[in-house]
Amino acid sequence: MSVLLSGQLLAAALALASLYALVAMGLNLVYGTMRLLNIAHGEFVMLGGYVTYWSFTHLGISPLLSMLIAPALGACLGMLIYLVLFRRLLRSPKLAARVEANSLLIFFGVSVIFQNVMALLFTSTQRGYVYLDQVINIGNVAMTANRLILFGVASSACLLCLAFFRYTRAGSAVRAVIQQRDASALVGIDIDRLNIMVFALGFALAALAGVLVSMVQEITPFIGFPFTISAFVIITLGGLGNLFGSLLGALLLAAVEVYGTAIISSSFRSILVYGVFIAVLLVKPEGLLGRAVVAR
Amino acid sequence: MKRLLLAAIFAAALPHLASAEDPIKIGYAISKTGPFAPAAQTQLNAYQLWADKVAADGGIDVGGVKRPVQFVVYDDQSDFGKAPAIYEKLITSDKVDLLLAPWGTPFHFSIVGILEKYHFPVVGNSAASTTIRDVKPGNIWFTTSAIPDHLASELVKMMKSAGVKTVAINTLQLPFSQEFKKYLMPAIEKDGGFKVVVNEEYAPDTKDMTATLTKIKQAAPDAILSLSYPPDSVLFMKQERELGINAPFQLVLIGPTDHFFSKIFGSNLDGTITMGHWSPAQAKWPKAKPFYDAYFKKFNEPPDYLDSALAWMSIEVLEQAVKKVGLDKDKLRQEIASDTFDTINGPVKFNGVENVTTPTMYLQFQKGEAQIIWPASEETAKMIKKPAWSQN
């Protein structure tokens, strides 16, 4: 039992939760505002990781600096993808009706292309670098400095995002679109511009997560998919389109992974994770904080 | 007219001239994309190193005649369901003369049926399982000596000689590590001299091991056995270091021989024991060091002591057999099954499908180099206790 009360376990759960939350936040934004199923989300995490790895090992740029560079590149790439692939799709009412299925296919293509381009450029060899990996002891909790940074940066980025959507005009507009897409267009919100902004922000967050991931684990062109899956589980748990819900979902998933394996056994990890997932969907199909959708 | 005649004679002579230097076709499929691609890379590197060597030599010796080589390479996309169809295509449509093995145990097994159907010989490499002995001999052979039942019994002997009394085991839920454990637990029990203090398993997509490692730390065992694959081996070692778990005997099953571990862990890798039966430091294998050097020169990193070495061994066996008997499939099958081959891992001879000359060994990192520490007859260095993790 003493294992459960250890600060070490709590720290591990929080660090994992903050990373999950960051990845899920970007996915939730894009889904919430545009109903686009971005299954290439994890690939942007992967790209962020490669940008960091490459600039650190070849140009000597500190991963801390990459926390600005990679999200900026991610934002540009996100905007480009929106303008080239999705703008037309969202404008035509005919296509917009099928947007979820179409976006799934398009993002699947994007995902395959990114994975294979990276495999061509960098081969599939695992890549990693060592940066700030001394172990820091705080009380009886031991953690490497880079994991502490991961926790600090990921959780502040999530909180900043929440604050942005709560307290700024643009943020309110995004929330309005998430809640009532057609009505928000009627009251004069420029949806096209908003979409571009959300794409930029969503992919910047994914790239930032990639920077943090590369600091603590090894990267290959294929690390993205598990992140996409976790993020989908989280946003479904927390409520699709509900940004605070994705924080809650991330905490829940990380707690199940870390504490669940401490109580029962690591061999039940998947059963526990998907057990909780299915249980929540059975009891509250709209997710923990999701609003029940009224049939129209 | 005269010129025309000359040209005609020349043209008639051409196919004849060409036949001696007609390229032979060598085909294989390997996971270039998908989840296994990172693991397959070091084997693919060995194949590419050989392709360079063949091109530089102007070909390979086929029954006494040097012939250039043309490679036909496919990506199996990490899907062992696709491998049989690709190998069938290589045989029937690309009409290759020789085949190299795909990466990994399931892929080897998936093509056995095709090889039997066409009686096409393949020298396997990166596959290890006791179930290879169930494969009908004659079309495929396995160069590895890291078969789980031998590995398990040797590990128990090695732990005993190191004075281990208490053991913690953390096992990944994938076939090879599970098979290893299947043989290890009875071997530990039969010996009777050990107490298993932690015995945990985990799923492949585990992202955090703090819970299990905290239990191990509290139990403070003499030996920690991480029966893991490369990605989770890294996670295990990183979090072990974080928690400062310092057992004198630490085995990490698969991963440390990949160069990339030295890059991540540096001197912290020293003392880690891992599976493997090859080392460039072994003086009695004169081909070992030159292979290491050539690989290092091309890729600017050392070969994987497991997969790159195994891949190269399989090529050496095939090359020597082809040199002796040419491309006739039946003669090749007979030759591979009966002869002894000179490889970077010493002499290799098969009994059935299994390499019976190379003993089962273990490696340990010492001053950044993987040394053979077990068994005593093969050792290039004495086993040391794992030093405490440096946390800086």
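Naming: A, B, ... by sequence-line order, numbering from 1 per chain.
The parts of B:Lys207 that come within reach of chain A are both its backbone and its side chain, each placing non-hydrogen atoms under 4.5 angstrom from that chain. In this structure, chain A has heavy atoms under 4.5 Å from both the backbone and the side chain of B:Thr206. If you measure heavy-atom distances from B:Gln41 to chain A, the contacts under 4.5 Å come from the side chain alone.
Ranked by heavy-atom pairs under 4.5 Å with chain B, the list A:Gly128, A:Ser230, A:Pro221, A:Ala11 is led by A:Gly128. Most heavy-atom pairs under 4.5 Å with chain A: of the set B:Asn170, B:Leu172, B:Asp205, this distinction falls to B:Asp205. Per-residue counts of heavy-atom pairs under 4.5 Å with chain B were compared for A:Val130, A:Asp133, A:Leu16; the largest is that of A:Asp133.
When side chains are defined from C-beta on, B:Leu363 counts as touching B:Tyr305, because their heavy atoms get closer than 4.5 Å. Side chains of B:Leu251 and B:Ser226 form no contact here, defined as non-hydrogen atoms less than 4.5 Å apart. When side chains are defined from C-beta on, B:Ser126 does not count as touching B:Phe107, because their heavy atoms never get closer than 4.5 Å.
A salt bridge between A:Arg147 and B:Glu242 is present, with a side-chain N of the basic residue lying under 4.0 Å from a carboxylate O of the acidic one. The pair A:Glu218-B:Lys263 does not meet the salt-bridge criterion, since no charged nitrogen lies less than 4.0 angstrom from a carboxylate oxygen.
Within residues 137-145 of chain A, the residues having any heavy atom closer than 4.5 Å to a heavy atom of chain B are A:Asn137, A:Ala142, A:Met143, A:Thr144, listed by residue number. Below 4.5 Å, heavy atoms of chain B meet heavy atoms from A:Glu257, A:Val258, all part of residues 247-260 of chain A.
The one candidate from A:Tyr129, A:Tyr50, A:Tyr53 that meets the side-chain hydrogen bond (donor to acceptor under 3.5 Å, both in side chains) condition with A:Ser214 is A:Tyr129.
A donor atom on one side chain and an acceptor atom on the other are not found under 3.5 Å apart for B:Tyr295 and B:Asn300. B:Lys181 and B:Asn199 form a side-chain donor-acceptor contact under 3.5 Å, judged by distance and modelled atom types alone. Defined by atom type and a distance below 3.5 Å, a donor-acceptor pair is present between the side-chain atoms of B:Thr210 and B:Asp208.
Geometrically, B:Lys32 does not engage B:Tyr74 in a cation-pi contact, judged by NZ or CZ lying under 6.0 Å from the ring centre and within 45° of the ring axis.
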